[in-house]
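A quick write-up on the structure given underneath.
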Amino acid sequence: MSQATLDDDELFDEAATEMREDVESSLDAARVALPEADAVWDAEADNTLGVLNGLKGALDTGDAEAHLRDAKKWFAIGRKADAFEDADDLENELAELEETLGRITTAHGQVSELTATIPELRGLLEDAESDDAEE
């Protein structure tokens with residue numbers, strides 16, 4: 001029985017290629033999991049709270065953060081092992097996606113705050129109107 005042998009350099013090159021593919025695959029999966037632009041822009045609701053709830057749902061990043069984490073993990077390992085001949089493109093893609101996710105997460109938090117505030121504000125305004133009507 002004959003067994004093909006590979007030297008360490010060939011194995012390392014193969015592992016580096018697979019690692020780069022893993023990073024790229026995780027980046028692609030993260031991009032696919034991002035909210036769709038039209039879902040964030042278009043609104044169908046009868047009132048402000050409905051619009052805000054729709055927007056909050058549209059800003060859900062799903063599994064994008066988990067996929068980004070996987071990409072960053074494999075990138076960090078490959079970078080530390082000096083496995084990538086040219087890692088600048090991956091590093092730029094990671095940074096861009098991380099910034100995009102950060103902005104979406106920030107917007108989601110802001111919309112969540114408004115969603116919680118609007119009903120309270122409406123109640124306060126209704127109370128003020130009824131106080132004014134009583135006078």
Side-chain angles (χ1 to χ4, degrees):
M1 182 160 110
S2 121
Q3 183 176 6
T5 59
L6 299 172
D7 66 15
D8 287 346
D9 287 341
E10 288 177 279
L11 290 172
F12 186 82
D13 289 346
E14 185 178 326
T17 299
E18 290 174 6
M19 199 170 298
R20 183 177 187 89
E21 289 170 359
D22 285 343
V23 172
E24 291 171 346
S25 174
S26 293
L27 284 168
D28 289 342
R31 282 189 205 95
V32 167
L34 289 175
E36 293 183 20
D38 286 345
V40 172
W41 189 253
D42 296 336
E44 291 183 30
D46 294 330
N47 57 45
T48 303
L49 188 58
V51 170
L52 290 172
N53 279 325
L55 181 56
K56 188 169 80 170
L59 290 170
D60 181 14
T61 58
D63 292 335
E65 290 184 52
H67 293 301
L68 177 61
R69 181 176 171 77
D70 284 345
K72 288 174 69 173
K73 175 179 61 177
W74 289 115
F75 179 78
I77 291 169
R79 182 66 157 248
K80 194 164 212 151
D82 200 23
F84 306 127
E85 287 183 25
D86 178 27
D88 291 344
D89 61 330
L90 290 177
E91 190 169 25
N92 291 337
E93 287 182 55
L94 284 165
E96 287 174 11
L97 190 54
E98 189 168 29
E99 181 180 343
T100 299
L101 272 170
R103 293 184 76 179
I104 293 169
T105 301
T106 298
H108 186 273
Q110 292 169 337
V111 171
S112 294
E113 284 182 36
L114 276 174
T115 302
T117 302
I118 293 298
E120 181 183 335
L121 181 58
R122 180 179 183 205
L124 291 171
L125 291 170
E126 286 174 341
D127 289 347
E129 288 174 4
S130 67
D131 289 346
D132 192 37
E134 291 174 7
E135 292 177 8

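- Leu59 contributes atom CG, which lies 12.5 Å from atom CZ of Arg103 (distance to the nearest 0.5 angstrom).
- Every residue meeting the side chain to side chain contact (heavy atoms under 4.5 Å, CB included) condition with Lys72, not counting sequence neighbours, appears here in chain and number order: Leu68, Leu94, Glu98.
- Not counting sequence neighbours, the partners of Glu24 by the side chain to side chain donor-acceptor pair (under 3.5 Å) test are Arg20.
- Applying the salt bridge (charged side-chain N to carboxylate O under 4.0 Å, His left out) test to residues at least two apart or on different chains, the pairs with a partner in residues 115-126 are Arg122-Glu126.
- The distance from atom CD of Glu129 to atom CG of Leu125, rounded to the nearest 0.5 Å, is 6.5 Å.
- Take Glu113 and apply the side chain to side chain contact (heavy atoms under 4.5 Å, CB included) test, not counting sequence neighbours, and it matches no residue.
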What donor-acceptor contacts under 3.5 angstrom involve side-chain atoms of residues 32-50, with partners at least two apart or in another chain?
from	atom 1	to	atom 2	distance (Å)
Asn47	OD1	Leu49	N	3.1
Asn47	OD1	Gly50	N	2.7

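- Residues Ala83 and Ala16 approach most closely at O-CB, 3.1 Å, considering heavy atoms.
- Going from atom CG of Asp7 over to atom CZ of Phe12 covers 12.5 Å, rounded to the nearest 0.5 Å.
- In this structure, the separation between NE2 on His67 and CG on Leu101 is 11.0 Å, given to the nearest 0.5 Å.
- Listed by first and then second residue, the salt bridge (charged side-chain N to carboxylate O under 4.0 Å, His left out) pairs involving residues 51-69 amount to none (not counting sequence neighbours).
- Smallest separation of non-hydrogen atoms from Leu52 and Val111: O-CG1, 3.4 Å.
- Connectivity analysis of hydrophobic side chains (ILVMFWY, heavy atoms under 4.5 Å, direct or indirect) links Val51 to nothing; its cluster partners are none.
- The side chain to side chain contact (heavy atoms under 4.5 Å, CB included) check on Asp22 picks up Trp74, with sequence neighbours excluded.
- Transitive grouping of hydrophobic side chains (ILVMFWY, heavy atoms separated by less than 4.5 Å) keeps Leu121 and Leu114 in distinct clusters.
- Listed by chain and residue number, Phe75, Ala87, Glu91 satisfy the side chain to side chain contact (heavy atoms under 4.5 Å, CB included) test with Arg79 (two or more places apart in sequence, or in another chain).
- In this structure, the side chain to side chain donor-acceptor pair (under 3.5 Å) partners of Arg31, at least two apart in sequence or on a different chain, are Asp28, Glu93.
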